[in-house]
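Below: the structure, in C-alpha cells.
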Amino acid sequence: RNGSSVNVNGDLVIDATSTDDYAAGIYSVYDGDVTLGSADNKSDVSIKATCVDKNADKDFGWDNAYGVYAYSHTTKGNNGVVNIFADNLNITVDGAYAYGVFSGSNVDNGEGKSSVVIDANKTQITATSDIGKSAAMTAYSGSEIVIKGDLEATGDYVLRTRGGATTKIN
C-alpha cells in the first residue's frame, strides 16, 4: 500500500484463507506494485484464496475471495499494478463472491488505471462459488487485464467487463 513495491523470483505458493469478509492472494492498491518473476526468470506460481463466511448470503459485497486484486480508488493515480511472469500459473479461488483476477479503477481516461499483466506459458484460473457469483477474470471502470500465453479459465462467468475497461488475451 501507499507506494509499496514487492518483487519475487523463484517458485511461489500463496494460500490465503479467511472466515470473515475477504481473502486475497495478491492485493495491490494505492500505488502498490507487485512483480512476480521476470521475462528472463519464469517459475511456477500457485495462488489460492478461500473465503468461508457463514453470513455470505446476508452482506453482499464482502465474503470475497480474490486470487489477484488490483484497484485504483481515485482518479489521480493511486493505482494498483500486478505483473506476473511464470512458466505455469495456477489461480484457484472459492467464496460467496470469487474473483480469479480482478482489476478495477475509478477512471475513464487511462490516468491512474489499475492493471494486471500475466505473461505465462500456461495460466489456469478456476473460480467457484456456492451461490453462483464467481468470475475467472473481471475488468471494471478503465482498468486493464492482459494475459499472454495459453489460458484455461472457468467460473460462473469467465470474463466480466464494463466501463471502458480493456482485456487483452494473447
Side-chain angles (χ1 to χ4, degrees), residues 1 14 16 21-37 45-51 56-57 59-86 88-170:
R1 259 179 101 139
I14 298 171
D21 291 342
Y22 67 90
I26 296 174
Y27 182 89
S28 180
V29 299
Y30 300 118
D31 288 331
D33 187 349
V34 176
T35 299
L36 304 181
V45 177
S46 175
I47 301 169
K48 180 180 177 185
T50 306
C51 186
D57 59 342
D59 46 278
F60 175 82
W62 298 102
D63 320 311
N64 295 333
Y66 299 98
V68 177
Y69 179 88
Y71 195 79
S72 173
H73 288 282
T74 67
T75 57
K76 295 194 180 210
N78 294 326
N79 53 312
V81 175
V82 177
N83 295 292
I84 300 174
F85 300 89
N88 297 294
L89 172 62
N90 185 7
I91 299 172
T92 305
V93 292
D94 181 53
Y97 303 89
Y99 306 92
V101 174
F102 182 98
S103 185
S105 300
N106 286 329
V107 300
D108 58 9
N109 63 2
E111 181 182 336
K113 72 178 178 182
S114 63
S115 68
V116 175
V117 176
I118 295 171
D119 184 345
N121 294 332
K122 182 175 182 184
T123 300
Q124 183 172 4
I125 304 170
T126 305
T128 56
S129 164
D130 287 342
I131 62 172
K133 302 291 185 180
S134 68
M137 298 167 286
T138 304
Y140 284 170
S141 304
S143 67
E144 178 179 61
I145 294 175
V146 176
I147 299 180
K148 300 173 185 175
D150 292 344
L151 171 65
E152 180 181 327
T154 59
D156 295 307
Y157 300 90
V158 171
L159 174 63
R160 295 184 69 175
T161 185
R162 68 175 189 209
T166 301
T167 304
K168 298 176 185 175
I169 300 173
N170 286 321

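These numbers come from a predicted model, not from an experiment. Just so you know, residue 1 is the first one in the sequence shown, and it goes up from there.
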Residue among Val146, Val116, Asn79 satisfying side chain to side chain contact (heavy atoms under 4.5 Å, CB included) with Ser103: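 Per the side chain to side chain contact (heavy atoms under 4.5 Å, CB included) rule, the option paired with Ser103 is Val116, out of Val146, Val116, Asn79.
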Have a look at Val68 and tell me which of Ile84, Ile14, Leu36 forms a side chain to side chain contact (heavy atoms under 4.5 Å, CB included) with it.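 Of the listed options, the one satisfying the test is Ile84.
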Can you tell me how far apart [atom1] ([X]) and [atom2] ([Y]) are? Round to the nearest 0.5 Å.
X	Y	atom1	atom2	value
Ser134	Tyr97	OG	OH	12.0 Å
Ile91	Gln124	CD1	CD	10.0 Å
Ile125	Leu151	CD1	CG	5.5 Å

Would you say [X]'s side chain and [Y]'s backbone share a donor-acceptor pair under 3.5 angstrom?
X	Y	value
Asp156	Lys133	yes
Ser28	Val81	yes
Asn170	Gly149	yes

For [X] versus [Y], what's the shortest heavy-atom pair and its separation?
X	Y	result
Lys113	Ser143	CB-CA, 4.5 Å
Gly67	Ala49	N-CB, 4.3 Å
Ala136	Thr154	CB-O, 3.8 Å
Ile145	Ala139	CD1-CB, 3.9 Å
Ala70	Val82	CB-CG2, 4.2 Å
Leu89	Ala120	CB-CB, 4.3 Å

Counting only heavy atoms from other residues, nucleotides and ligands, does the tally under 6.0 Å from CG of Asn121 exceed 12?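 Yes - once you tally the heavy atoms of other residues, nucleotides and ligands closer than 6.0 Å, there are more than 12.
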Compute the ring centroids of Tyr140 and Phe102, then answer whether they are less than 6.0 Å apart.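 That pair passes the under 6.0 Å test.
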Could you check whether any side-chain heavy atom of Asn90 comes within less than 4.5 Å of a side-chain heavy atom of Asn88, counting everything from C-beta outward?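 No, every pair of side-chain atoms sits at 4.5 Å or beyond.
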Report the C-alpha distance between Ile26 and Tyr66 in whole Å, list the side-chain angles of each, state the deciding distance to 0.1 Å, and finish with yes or no for side chain to side chain contact (heavy atoms under 4.5 Å, CB included). CA-CA 8 Å; Ile26 296 174; Tyr66 299 98; over 6 Å; no
Partner set under side chain to side chain donor-acceptor pair (under 3.5 Å) for Thr161, not counting sequence neighbours: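 In terms of side chain to side chain donor-acceptor pair (under 3.5 Å), with neighbours along the sequence ignored, Thr161 is linked to no residue.
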Any residue meeting side chain to side chain donor-acceptor pair (under 3.5 Å) with Ser105, in chain and number order, not counting sequence neighbours: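 Side chain to side chain donor-acceptor pair (under 3.5 Å) check on Ser105 returns Ser114.
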Can you pull out every salt bridge (Lys or Arg N to Asp or Glu O under 4.0 Å) where at least one residue sits in residues 96-105? Sequence neighbours excluded, please.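 Found none.
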What's the verdict on side chain to side chain contact (heavy atoms under 4.5 Å, CB included) for Met137 and Ile118, showing C-alpha distance, side-chain angles and the deciding distance? CA-CA 12 Å; Met137 298 167 286; Ile118 295 171; over 6 Å; no
Aromatic plane relationship, Tyr69 with Tyr27 - under 30° parallel, 30 to 60° tilted, over 60° perpendicular: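 The arrangement is parallel - the two ring planes meet at less than 30°.
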Any donor-acceptor N or O pair under 3.5 Å, side chains Asp94, Thr128: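 Side-chain D/A pair, Asp94 to Thr128: present.
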